[in-house]
Amino acid sequence: MSPIETPKAPPGASLGARLDTALGRFTMYRLVLLVLAVLAVYSLVLDALGWLTFGIPEMLAHLVLCLGLTYAPNRALAPLFRVRPHSESSLITGLLLYFLFWPSFAPLDVAGVALACVLASASKYALAWRGRHIFNAAAAGAFVAGLTGLNIATWWAATPAMLWALVPGVLLVLYRTRKFLMASVFLVVATAIITSELLQAGMSAGMALWQSLAQRPLLFFVGFMLTEPLTLPPRRWQQLALAAVVGVVFAVPYNFGFIANSPEAALLLGNAIAFLMGQRGRVTLRFTGTRPLTPSTTEFSFEPSRPVRFVPGQYMELDLPHAKSDGKGRRRVFSLTGSPSESLVKFGVRTAEPLSAAKKVLLSLNPGDEVTATSVGGDFVLPRDPRKPVLLIAAGIGVTPYLSHVSSGGLRERDAVLLLLARSADEVAYADELRAAGIRVLVRVADGSAPPSGLASASWDGTRVDGEAIRALVPDVAGREVYVSGSPASVASLRRAAKQAGAAKVHVDSFSGY
């Protein structure tokens with residue numbers, strides 16, 4: 001499925017469903033850029049009110065310097081490396097460096113910031129593997145600039161007055177990326193270590209905790225840098241382990257002479273570990289063709305330049321440059337629908353009007369055209385134990401992640417039930433594949449028409465899919481792990497229904513669209 005499918009939340013939808021629908025209009029690049037821009041404006045307001053002491057001229061000059069010297073080198077270097085420049089990424093890097101270095105007119109300070117900005121932009125190309133940067137650019141630039149002695153990152157965003165805007169901004173980003181658990185692991189580990197040291201120094205418990213969270217850059221670090229999807233390992237357990245390791249390195253003091261503990265050093269170590277954990281680097285995909293799945297959905301097939309490592313249920317991020325932006329960015333994620341053993345990479349995408357700019361790019365491809373895949377990830381995978389029964393619930397094109405399980409034959413070895421919800425019979429995608437899946441497939445068609453031949457009808461009174469309806473169709477739902485995939489509003493509603501039906505564990509297909 002495509003993460004761009006963000007229909008309006010239905011009347012009476014929960015706050016979470018409405019928030020998902022609203023945030024789904026933005027990619028993560030655009031959302032992070034907007035949040036950081038708001039924080040930058042907020043910092044200027046604080047300074048004007050006397051809550052910060054930098055001086056408005058210094059802050060404005062610092063902001064222009066950071067944005068200009070990350071944007072311009074990025075535009076200059078991209079043609080040399082034969083790639084399209086990513087303007088939003090460079091602006092995000094500039095805003096991060098704005099909050100990392102102290103605004104100043106001192107010549108050496110300005111030189112250090114300028115060096116950090118240029119190095120940050122260059123790191124996206126020089127410190128890269130197969131076209132994909134390994135390290136967080138802002139951290140890399142700040143770290144190297146610190147080694148020169150020209151300037152050292154102070155992470156001044158960790159100022160109590162900034163918390164009023166920083167906390168909501170971080171929460172918004174973490175909600176969109178679904179990285180609350182990872183952020184919590186880091187915060188618990190780092191806060192515990194820092195607070196313990198402050199207690200040993202004689203500080204009260206309340207003051208030690210306050211200083212850890214309000215006067216150390218933990219929140220800014222975890223919200224905008226540690227949880228950056230592009231530099232994370234692909235699986236959730238790997239991300240949680242990484243958060244714990246980085247939390248320790250972040251908080252424990254050390255000094256090896258030329259390197260001392262700093263947030264940027266901790267992040268760069270984490271980036272290096274993450275790089276080793278999963279498939280990193282760009283993959284060139286050569287377009288081979290399409291096939292219609294339904295009147296409103298299309299399957300796109302590509303031949304990768306090298307084998308793609310993924311687990312059934314995961315997604316791939318594509319870089320789809322387009323001349324006229326629609327505000328959602330150029331990188332989009334799509335569920336992989338083929339088997340890891342197949343030579344082609346396939347995606348099922350909703351292609352009904354209105355079309356986003358990225359989908360127009362997909363539909364305009366000719367055989368032989370190339371696009372770039374930038375990452376593979378996701379945890380929408382089946383339990384390792386094949387004896388564990390599962391219930392798979394799909395709303396519309398949300399069936400796509402399950403097709404990878406079907407294609408790989410993984411469902412034949414376990415007790416699996418697939419419940420597919422569609423608007424009409426002709427909107428049931430992959431009907432042939434589902435008939436041959438070797439599992440029980442139930443199809444609920446909203447308009448009351450009969451499902452495609454060979455697929456069982458799942459019917460009940462009324463139009464709302466609630467817990468009672470699910471329990472009637474799958475009486476042993478409480479003993480199954482449940483998976484739900486679809487639009488944000490559909491996923492929220494179906495997850496509640498599955499919980500009402502007695503499901504103990506519900507996995508949801510969540511795309512950040514970063």
Side-chain angles (χ1 to χ4, degrees), residues 23 25-44 62-78 83-101 113-114 116-125 127-128 132-143 145 153 155-157 162 165-166 168-177 179 183 217 219-232 263-264 267-268 270-271 317 319 321 325 327-333 374-375 512-514:
L23 295 180
R25 298 188 178 97
F26 304 95
T27 63
M28 273 308 305
Y29 280 109
R30 184 60 52 88
L31 178 62
V32 171
L33 180 59
L34 290 175
V35 170
L36 288 173
V38 169
L39 289 176
V41 173
Y42 179 72
S43 69
L44 293 170
H62 181 56
L63 179 60
V64 171
L65 179 69
C66 290
L67 292 176
L69 289 185
T70 50
Y71 183 84
N74 181 62
R75 303 289 296 188
L77 289 170
V83 297
R84 291 177 180 266
H86 196 283
S87 299
E88 288 181 339
S89 176
S90 65
L91 293 176
I92 289 172
T93 300
L95 286 170
L96 290 174
L97 290 168
Y98 167 76
F99 287 108
L100 265 59
F101 286 95
V113 173
C117 292
V118 173
L119 290 175
S121 295
S123 72
K124 297 181 181 182
Y125 304 95
L127 301 179
R132 182 176 178 80
H133 65 270
I134 301 171
F135 300 104
N136 178 282
F143 178 78
W155 294 74
W156 63 267
M162 287 290 297
L166 179 61
V170 168
L171 290 175
L172 198 64
V173 171
L174 292 178
Y175 180 85
R176 182 69 167 84
T177 56
K179 292 294 183 288
L219 296 175
F220 187 89
F221 179 88
V222 77
F224 301 111
M225 303 185 76
L226 177 62
T227 53
E228 178 196 12
L230 287 179
T231 52
L232 290 181
E264 56 270 26
L267 182 59
L268 294 178
N271 294 159
E317 182 186 68
D319 186 1
S325 174
K328 295 179 179 178
R330 50 190 272 181
R331 287 178 174 167
R332 313 293 171 92
V333 294
T374 53
S375 67
S512 65
Y514 199 94

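Across all non-hydrogen atoms, the minimal contact from Ala183 to Leu174 is CB-CD1, 3.6 Å. In terms of heavy atoms, Leu36 sits closest to Leu95 at CB-CD1, 3.7 Å. Looking at every heavy atom in both residues, Leu91 comes nearest to Leu33 through CB-CD1, 3.8 Å. Shortest non-hydrogen contact noted between Pro168 and Ala165 is CD-O, 3.4 Å. Val222 and Thr227 make their closest contact through O-OG1, 2.8 Å (heavy atoms, listed as atom of the first residue, atom of the second, distance). Residues Ala139 and Glu264 approach most closely at O-CB, 3.7 Å, considering heavy atoms.
Screening Tyr98, Phe99, Trp156 against Phe220 for a ring pair (Phe, Tyr, Trp, His ring centres under 6.0 Å) leaves a single residue, Phe99.
Ile134 CD1 to Leu268 CG: the interatomic distance, rounded to the nearest 0.5 Å, is 11.0 Å. One finds the NZ atom of Lys179 at 10.5 Å from the CG atom of Leu226 (value rounded to the nearest 0.5 Å). Here Leu69 contributes atom CG and Asn74 contributes atom CG; the two are 12.5 Å apart, rounded to the nearest 0.5 Å. In this structure, the separation between CG on Leu34 and CG on Leu39 is 11.0 Å, given to the nearest 0.5 Å. Considering CG of Leu267 and CG of Asn136, their distance stands at 5.0 Å, rounded to 0.5 Å. Within the model, atoms CE of Met225 and CD1 of Ile92 stand 11.5 Å from one another, a figure rounded to the nearest 0.5 Å.
Between the side chain of His62 and the backbone N or O of Val113, no donor-acceptor pair lies under 3.5 Å. For the pair Thr70 (side chain) and Ser121 (backbone), a donor-acceptor distance under 3.5 Å is absent. A distance-only check finds no donor-acceptor pair linking the side chain of Thr231 to the backbone of Phe135 [under 3.5 Å].
Within the 4.5 Å cutoff, the side chain of Ser89 has heavy atoms near those of the Lys124 side chain. Using a 4.5 Å heavy-atom cutoff, the side chains of Val35 and Phe224 are in contact.
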